[in-house]
Each structure stands twice: as C-alpha cells, then as structure tokens.
Amino acid sequence: MNALLLVDVQYDFLPGGALEVTEGDKIIPVLNQIQKKFDLVVATQDWHPKDHGSFASSHAGKNPFDSTILGGLDQILWPDHCVQGEKGSEFSSQLNMHTVEAIFRKGTDPGIDSYSGFFDNGKKKSTGLGDFLKGRGVKKVFVGGLAADFCVGFTVLDSLDLGFKTTLIEDATRPIDKEGWEKMKQSIREKGGKIINSSEIGF
Ligand code: VGL
Ligand code: ZN
C-alpha cells in the first residue's frame with residue numbers, strides 16, 4: 001500500500017493568505033493530477049486556537065518572524081494563521097478533497113507548535129496519523145503540500161523515523177525560505193528519504 005499525504009493546503013499558506021508561500025497555488029493542479037496513482041490519500045490541517053503560542057500576537061512586544069521559547073523549544077513566531085473556523089484555515093476549494101479518506105489536525109495545543117503531521121514539535125503527542133497508515137498496511141508514503149521547509153519537511157522526517165519508505169514530491173511543494181529548504185532537503189536525504197518530481201512517480 002502507498003499513500004499520498006496532502007500537507008496543509010489551506011488558504012493562509014496560499015498567495016493572499018496570512019502566511020503566504022510564494023507560488024503555493026502552483027502545487028494544487030499537481031496534487032489533483034497525481035491523486036489517482038495512490039491507494040490512499042490523507043490530508044493534514046494546521047488548526048490553531050486563536051491565542052496560539054506560535055503567534056507573534058500572543059507575545060507582547062514580539063513581531064512575526066522573531067523567535068522565542070515555546071514548550072521548552074526554540075520557536076519562530078508567525079503571523080496569526082489557520083485559526084480554527086476561520087477562512088484561512090480552510091482547504092483551498094481548488095484542491096480535490098473527494099479522494100481524501102481522513103484529515104489529521106495539528107497545532108491545537110496553544111502551548112506547543114506542530115509542524116509535522118505525525119507529532120507536535122516536542123514529540124509529546126501523536127496525531128494518530130502514523131497508526132492510521134500502519135493500520136491500513138501502508139509501507140510507502142509520498143508527501144506534498146505547504147510549506148516545504150516546515151510542515152512538509154518535518155512530516156517527511158517523522159515518516160522516515162516511523163519506518164515508512166518516504167518520498168517528497170518536489171514540484172508538489174514550495175518553501176517559505178529557500179535556504180531553509182536546501183537544508184531541509186539535505187536532512188531528508190541523510191535520513192534516507194527520496195526527492196522526486198511528480199513525473200517520476202513509478203506506478
Ligand atoms: C506551517 C508555519 C507555521 C506549515 C504551519 O504548514 O508549513 N508553517 N504553521
Ligand atoms: Zn501553524
């Protein structure tokens with residue numbers, strides 16, 4: 001069994017959103033097109049309470065992209081984004097969600113951020129995604145979505161740690177920061193992850 005993970009394809013990460021990723025919208029036709037190749041399609045959704053500790057607005061005197069300590073970990077402070085129930089947290093209406101069998105929400109605990117679709121950043125709590133995939137007999141995981149250098153990258157790293165053969169689809173993602181993305185790709189390769197183009201999906 002193989003599975004495609006659609007990571008955080010939400011309005012706030014798309015052009016015009018609160019934490020927009022340059023060309024983030026370019027990945028949507030790619031994700032729609034490749035879905036039919038997979039046995040299982042699953043989505044993740046960044047889903048923050050409005051006072052989330054990763055928001056600069058929750059810390060007096062701090063601005064977006066400053067840093068702080070949250071839950072004992074280094075934390076980049078973000079503009080308010082993906083607030084539960086607000087438009088910015090919705091999946092793009094351009095994304096085909098009909099094939100999606102399950103949605104895993106993350107970032108709900110105000111005291112810790114959660115980049116990976118599998119665990120919070122301190123690995124204190126699981127979202128259940130790993131057990132779901134294992135329960136469905138998934139051995140190979142393919143990942144696309146936003147943003148490459150944060151939620152997509154950390155999802156790939158955790159997927160590798162959980163023992164899934166994991167491939168990142170490079171034309172199905174875009175980064176917030178290009179340098180950070182190069183570093184993330186290096187970490188993915190060091191852990192044994194593959195990085196391919198959607199045209200190279202071999203089944
Ligand atoms: C993300 C920063 C903060 C992401 C989520 O989806 O990559 N990045 N929250
Ligand atoms: Zn977030």
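Note that ligands are numbered from 1 as they come in the structure, with each ligand's atoms numbered from 1 the same way.
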Inset, instruction - Under 2.8 Å from the Zn ion (ligand 2), which protein N, O or S atoms are there? Could you list them by chain and number? - result: Asp46 OD2, His48 NE2, His81 NE2
Legend entry - More than 12 heavy atoms from other groups under 6.0 Å of CD on Glu200: yes
Inset, instruction - Heavy atoms only: give me the nearest Asp113-Leu70 pair and the separation to one decimal. - result: N-CD2, 4.1 Å
Inset, instruction - Show your working on side chain to side chain donor-acceptor pair (under 3.5 Å) between Asp8 and Gln45 and close with a plain yes or no. - result: CA-CA 5 Å; Asp8 301 1; Gln45 189 171 26; over 6 Å; no
Legend entry - Min side-chain heavy-atom separation Thr173-Val143 under 4.5 Å: no
Inset, instruction - Run the numbers for me: atoms of ligand 1, each under 4.0 Å from some heavy atom of Phe150, listed by number. - result: 7 (O), 8 (N)
Inset, instruction - Tell me whether the centres of the aromatic rings in Phe104 and Phe118 are closer together than 6.0 Å. - result: no
Legend entry - Within reach of ligand 1, part of Val7 (heavy-atom separation under 4.0 Å): neither
Inset, instruction - Using a strict cut-off of 4.0 Å, indicate which atoms of ligand 1 neighbour a heavy atom of Asp8. - result: 4 (C), 6 (O)
Inset, instruction - Flag the pair Leu31 / Ile169 as yes when at least one side-chain heavy-atom distance between them is below 4.5 Å, and no otherwise. - result: no
Legend entry - Aromatic ring pairing His81/Trp78, orientation class (parallel under 30°, perpendicular over 60°, tilted between): perpendicular
Inset, instruction - Give the numbers and elements of all ligand 1 atoms closer than 4.0 Å to a heavy atom of Ala147. - result: 4 (C), 6 (O), 7 (O)
Inset, instruction - Report yes if the side chains of Thr44 and Cys151 come closer than 4.5 Å at any heavy-atom pair, otherwise no. - result: no
Inset, instruction - For Asp46, take its heavy atoms, then give the atoms of ligand 1 lying under 4.0 Å from any of them. - result: 5 (C), 9 (N)
